[in-house]
Amino acid sequence: PEILKPPEVQLPTPPSPAANPSKEPNFAPAGYGWNYNAERLNSRYAMIGFFALLAVEAIAGKGIFELVGIEVGNGIDIGF
């Protein structure tokens, strides 16, 4: 059996006037969108909210569903 090889690929060369830039551009970090600072801030707010929920449940002595009026812990009532 003959082993097939992929065809050779010749990459195009850039046009002759194109050259590498002489110096690196100076970009300021983004203050919004998907960046490290936004993710860190979001995770901190999530932790504060989670522990605030735990504190509310501990003070009230009920779970969050019971606090909003949803009855829990009685199983599924399917009429048997």
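Predicted model, so just to flag it, every value in this text is computed and none were measured.
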Subject >> Residues clustering with Leu54 (ILVMFWY side chains joined when closer than 4.5 Å, directly or via others) >> reply: Phe50, Phe51

**OP:** Could I get the full list of side chain to side chain contact (heavy atoms under 4.5 Å, CB included) partners for Leu41, not counting sequence neighbours?
**Re:** Tyr45

**OP:** Using side chain to side chain contact (heavy atoms under 4.5 Å, CB included) as the criterion, list what pairs up with Ile70, not counting sequence neighbours.
**Re:** Phe65, Val68, Val72

Original post:
Which pairs, with at least one residue in residues 59-73 and sequence neighbours excluded, count as a side chain to side chain donor-acceptor pair (under 3.5 Å)?
Top reply: Glu71-Asn74

